[in-house]
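Shown next, in structure tokens, is the structure this report addresses.
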Amino acid sequence: MALLAARAALRRQRPGVAFAATATALALPVLLVGAALWPYVLVSTVEPSASLTVTDAAASGPTLRLLGWLTVPLLPALLGFQAMCVWIFRGRTDGRAPVYW
């Protein structure tokens, strides 16, 4: 349904709506599978008691602190690069492609 909405939005010259619809089409399957498996990250088909839970898969405190400090300088650079790409390639899609990916 999201891909059909994206196609209709492109026909009506609404690229923002088409982008939101394709983003939904990408995120929805991941969220549905994650919700269906909760609280397991990896389910064992051989031994159900050997399945990996969210608590077992979580990173340790020192690892999270390191990643937090690395995020401070890298996130603004990543967001700046994304903004530059959006600015450079704005308006370069046509109605022939129903998706952006």
Side-chain angles (χ1 to χ4, degrees):
M1 293 301 293
L3 292 177
L4 292 175
R7 184 177 216 168
L10 281 175
R11 277 195 200 121
R12 287 188 233 126
Q13 302 296 321
R14 305 282 310 239
V17 175
F19 177 76
T22 55
T24 301
L26 283 172
L28 197 57
V30 174
L31 293 175
L32 289 175
V33 169
L37 291 178
W38 185 264
Y40 297 103
V41 176
L42 185 62
V43 179
S44 174
T45 57
V46 178
E47 179 62 38
S49 64
S51 297
L52 185 64
T53 65
V54 173
T55 305
D56 295 334
S60 66
T63 302
L64 291 175
R65 277 192 292 281
L66 175 66
L67 290 174
W69 282 108
L70 288 174
T71 302
V72 171
L74 294 178
L75 187 62
L78 177 66
L79 293 176
F81 181 75
Q82 288 290 333
M84 180 191 72
C85 288
V86 168
W87 180 257
I88 289 173
F89 294 108
R90 67 191 181 281
R92 297 227 171 104
T93 58
D94 56 10
R96 295 178 292 169
V99 294
Y100 284 97
W101 32 272

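Computation of the quantities below employed the complete heavy-atom set of this structure, encompassing side-chain atoms and omitting hydrogens, waters and symmetry-equivalent molecules. By convention here, the first residue in the shown sequence is residue 1.
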Over all atoms of both residues, closest heavy-atom pair of Thr71 and Pro76: O-CD, 4.0 Å

Considering all heavy atoms of both residues, which atom of Thr24 and which atom of Pro29 are nearest to each other, and what is their separation? O-CD, 4.4 Å

Could you go through residues 33-48 and list every donor-acceptor pair under 3.5 Å that involves a side-chain atom there, pairing it with any protein atom two or more places apart or in another chain?
from, atom 1, to, atom 2, distance (Å)
Ser44, OG, Val46, N, 3.3
Ser44, OG, Glu47, N, 3.1
Ser44, OG, Glu47, O, 3.1
Glu47, OE2, Ser49, OG, 3.0

Got more than 12 heavy atoms from elsewhere within 6.0 Å of CE, Met1? no

Going only through I, L, V, M, F, W and Y residues with side-chain contacts under 4.5 Å, is there a path from Ile88 to Phe81? yes

On a heavy-atom basis, which atom in Ala18 and which in Ala9 lie closest, and how many Å separate them? N-CB, 3.7 Å

